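Every chain is numbered from 1, with letters handed out A, B, ... down the list of sequences. Everything numeric in this text was worked out from a predicted model, so none of it was measured.
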Amino acid sequence: MARITHLFRYPIKGLSAQPVSRVSLRQGGGFPGDRMFALARPDGLYSETRFVPLPKRQYFMLMKDERLAGLTTHLDVDTLDLTVRVRGNIVLEANLGTPAGILQLRRFYARVLDLPSDALPVFAQQPGYNFSDSAKASRQLMNSLSFINLASVRDLEQRIGRPVDPLRFRANVYLDGLEPWEERRWFGGEFSAGSVQFRGLEETTRCAATEVDPLTARRDIPLPRLLVEHYGDDVLGFFAEILADGELHIGDEVTVAAQPSVGDALRVGGAPRVGTAPRVGDALAEASDIPFPVVR
Amino acid sequence: MTTTRLAVRILDKRALTASVFSFTLGAIDEAGADVALPAFDVGAHITVATPGGASRSYSLNNDPADRFRYVIAVRRAPDGRGGSASLVDDTAVGDTLFISEPRNTFPLHAASRYLLIAAGIGITPIRAMLRSILAVGISDVHLVYLTRSVEETAFYDELTDPALAEFVTVYHRAEHNGVPFDFWPLVADPGESAADRRIFCCGPEALQDEIRALTMHWRPSAVHFEDFNGVSAFGELTSPFTAVWHPSGQRIAVSTQETLLDALRRENIEVPSSCESGTCGTCRIRLIAGAALHRDVVLDADEREHYLMPCVSRADAASVDAGTADARSTGERAGDAPTGEAAGHASGAEAAGDASGAEAAGDASAAGANELIVGPLDAQER
């Protein structure tokens with residue numbers, strides 16, 4: 001039986017995963033408190049007052065800045081109290097609801113990211129916006145949840161002969177009890193988890209952020225290229241939108257509705273389709289420059 | 001490959017511990033007089049051709065002001081094989097060794113305060129650093145030296161001298177019931193800047209990992225490790241090279257620390273990208289000339305003749321030494337090809353053409369050694 005094993009939010013883009021045991025979801029909304037803040041590059045395009053959705057490289061994030069993984073952060077999403085630890089030792093306490101706390105955060109990460117002495121990262125927050133990688137593609141994707149099938153991660157581990165921390169994929173919802181890769185057959189349809197009804201939107205094409213070990217902060221496994229070598233494309237996981245309000249709890253059962261036949265055997269036994277078949281998830285490519293919001 | 005062409009004599013060889021041996025090397029002319037050696041800075045190392053054939057690198061631990069001596073400490077590997085064992089077992093005072101000139105990948109940068117960390121034979125560059133720091137009058141310096149036991153501690157007497165007591169902690173884990181040294185009190189303060197406080201660490205990978213993990217709140221440019229520059233995170237060799245952006249002719253140096261894509265962006269050349277791991281195909285650019293090391297999983301062999309994924313691919317440094325020969329033979333093949341193909345503009349044949357010949361002819365589309373000529377896609381290629 002398929003169940004939810006873990007739920008995570010990532011309140012600040014690129015910083016630590018924070019486990020939760022339950023979460024209330026609203027139709028058309030995302031995972032509450034997920035990627036609510038980001039650190040934008042000081043010489044970049046982010047503007048607080050004239051904000052437009054930007055490619056992920058305009059922000060500090062793991063695809064480029066693996067050092068971010070070396071600090072353990074915890075943000076209380078209600079009080080906005082942030083604690084940063086190194087091996088359990090507190091190295092920063094700041095309240096992100098105050099200008100002074102935000103300045104402390106910016107100074108701290110200027111040091112960690114080795115910015116020039118006169119540069120500070122920009123604290124990015126925009127009402128109604130989250131800084132997930134997919135947010136630039138559409139409001140619908142921005143307000144989706146990301147899912148990972150742990151059986152698929154285990155299959156990947158077996159094929160590449162190395163352990164793969166599922167947190168490399170920084171998903172909101174982790175599922176187990178499924179067959180490896182079976183999500184690739186049904187992700188485009190509807191399914192329920194706990195009392196929430198979902199509809200799959202897109203598969204997740206993986207980027208170099210997954211190369212970073214979330215514990216050692218070292219770029220150590222070339223996961224996107226290993227995915228391509230072993231399976232023919234760089235997909236692991238999918239996004240799904242919330243169709244009706246409800247709650248998710250760890251342990252909730254996952255039930256897949258009628259399975260669409262399209263996409264069957266995309267992966268299992270499927271021929272590599274690099275460079276030929278249309279790439280699911282290309283909407284996430286920064287090059288696509290899809291205006292926001294593209295859907296609705 | 002480092003060349004070991006400098007001939008030196010072993011002037012002194014002595015045991016520092018049961019497994020660590022100090023070698024004093026110098027050059028002597030025919031009249032028996034000392035010859036000055038190439039200068040070095042603290043942190044520098046030399047590569048030694050060992051009698052067994054293997055080359056090994058050793059940090060210089062003597063005072064750089066001594067222009068006539070190099071002093072290295074060699075730890076004989078416990079399994080009794082390899083380069084260090086050969087150097088210890090198969091040499092005697094008076095023997096000639098061939099060495100490289102000193103190179104420094106671990107230079108001592110200026111700061112007001114220092115934390116020095118060494119384990120085992122890693123003490124060799126750190127010992128020289130401590131002396132150098134104290135010599136310029138800086139007193140806010142602390143050396144933590146981890147070894148198994150007193151007997152296995154090279155330079156034990158020197159570093160436990162009461163005159164150094166306030167600067168040096170020698171820690172033998174065995175004497176602390178196996179409890180590892182607690183570095184946190186020493187690294188909790190990251191300093192105001194790199195100019196304020198720096199760490200230099202030399203020791204096994206496990207120690208480096210530990211110190212790196214404990215200093216994640218530091219400015220990374222203030223935390224220095226024995227450099228493994230040139231080896232990428234994925235264990236492949238990475239070398240610097242030059243990219244020439246064809247439309248403008250701009251020459252862009254690409255360091256070991258950045259991708260070609262990063263280097264192009266640094267020069268405000270916009271190349272779209274997505275995965276930055278060689279899998280999605282978004283950042284494809286034209287490869288006009290030069291030997292490329294393709295590391296993507298997108299392009300097929302034919303495409304690799306004309307395109308490159310700059311997020312992962314680089315110039316093929318391995319082709320540098322062999323470059324002339326390769327280019328020559330390719331040039332001959334190009335000469336054998338049908339006229340139309342050989343004359344094709346910016347074709348693969350021309351791209352791989354004889355570099356020196358083309359340079360002499362002033363042909364802008366032929367790449368020099370360790371150089372790639374690249375450009376944007378045409379509108380219809382995008």
Side-chain angles (χ1 to χ4, degrees), chain A residues 55-57 63-64 66-72 84-92 108-115 117 133 205-213 215-229 232-234 272 274-275 279 281-282 284-289, chain B residues 182-185 187-196 205 208-223 232-236 258-259 261-262 265-266 268 270-284 295-300 303 309 311-312 377 382:
Chain A
K56 60 186 166 191
R57 66 182 149 82
M63 188 173 84
K64 280 289 174 211
E66 61 263 32
R67 192 173 175 82
L68 293 175
L71 295 149
T72 308
V84 184
R85 289 181 170 86
V86 170
R87 288 276 180 89
N89 302 288
I90 294 176
V91 290
L92 178 71
F108 180 85
Y109 277 98
R111 192 170 74 217
V112 168
L113 294 161
D114 227 346
L115 301 188
S117 58
D133 286 352
T205 56
R206 307 313 322 202
C207 77
T210 60
E211 295 173 347
V212 180
D213 183 316
L215 288 180
T216 65
R218 284 196 193 279
R219 205 173 281 283
D220 60 351
I221 306 180
L223 275 182
R225 72 183 288 161
L226 287 169
L227 282 169
V228 172
E229 285 170 11
D233 63 22
D234 53 0
V274 181
R279 297 165 49 81
D282 257 359
L284 299 189
E286 292 171 13
S288 57
D289 274 327
Chain B
D182 180 12
F183 282 100
W184 182 254
V187 301
D189 168 17
E192 292 299 311
S193 64
D196 174 33
E205 204 173 332
Q208 297 191 27
D209 285 349
E210 174 75 4
I211 299 304
R212 180 175 175 271
L214 283 169
T215 56
M216 279 292 168
H217 58 308
W218 281 61
R219 206 167 257 284
S221 59
V223 185
S232 81
F234 300 142
E236 296 159 89
E258 62 185 348
T259 64
L261 181 65
D262 289 335
R265 287 210 177 118
R266 169 164 54 73
N268 296 316
E270 245 335 284
V271 178
S273 73
S274 180
C275 77
E276 306 208 4
S277 56
T279 57
C280 77
T282 307
C283 66
R284 186 168 60 118
R295 296 162 68 181
D296 63 282
V297 290
V298 179
L299 301 174
D300 63 27
E303 290 171 327
M309 307 306 310
C311 66
V312 291
L377 301 183
R382 286 193 193 109

Is the shortest side-chain heavy-atom distance between [X] and [Y] below 4.5 Å?
| X | Y | result |
| --- | --- | --- |
| A/Leu71 | B/His217 | yes |
| A/Val91 | B/Met216 | no |
| B/Glu276 | A/Glu211 | no |

Which answer fits [X], side chain, backbone, both or neither, if we ask what part of it has an atom under 4.5 Å from a heavy atom of chain B?
| X | answer |
| --- | --- |
| A/Arg67 | both |
| A/Thr216 | backbone |
| A/Val112 | both |

Practice item. Answer with side chain, backbone, both or neither: which region of B/Asp209 has an atom nearer than 4.5 Å to a non-hydrogen atom of chain A? Key: both
Point to revise | B/Ser221 versus chain A, the contacting section by heavy-atom distance below 4.5 Å | key: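 For B/Ser221, heavy atoms of backbone and side chain both lie under 4.5 Å from chain A.
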**Study point:** Exam field: side chain B/Arg212 to backbone A/Ala217, donor-acceptor pair closer than 3.5 Å
**Key:**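 Yes, the answer is positive, given that a donor and an acceptor are paired below the 3.5 Å cut-off.
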Closest heavy-atom pair and its distance - [X], [Y]:
| X | Y | result |
| --- | --- | --- |
| A/Leu115 | B/Arg219 | O-NH1, 2.6 Å |
| B/Ala213 | A/Val86 | O-CG1, 3.3 Å |
| A/Arg225 | B/Ser277 | CB-O, 4.3 Å |
| B/Cys275 | A/Arg206 | CB-O, 3.9 Å |

Check your understanding: Do NZ/NE/NH1/NH2 and the carboxylate oxygens of A/Arg57 and B/Glu270 come within less than 4.0 Å?
Key ->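 Judged by the 4.0 Å cut-off on N to carboxylate O distance, A/Arg57 and B/Glu270 do form a salt bridge.
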Review point. Under the ring pair (Phe, Tyr, Trp, His ring centres under 6.0 Å) test, which residues partner A/Phe108, sequence neighbours left out?
Key: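 None.
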Practice item. For chain A, find which of B/Gly278, B/Pro220, B/Cys311 contributes the most heavy-atom pairs closer than 4.5 angstrom. Key: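 Sorted descending by pairs with chain A, the first entry is B/Pro220.
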Review point. Which residues satisfy the side chain to side chain donor-acceptor pair (under 3.5 Å) test with A/Ser117, sequence neighbours excluded?
Key: none
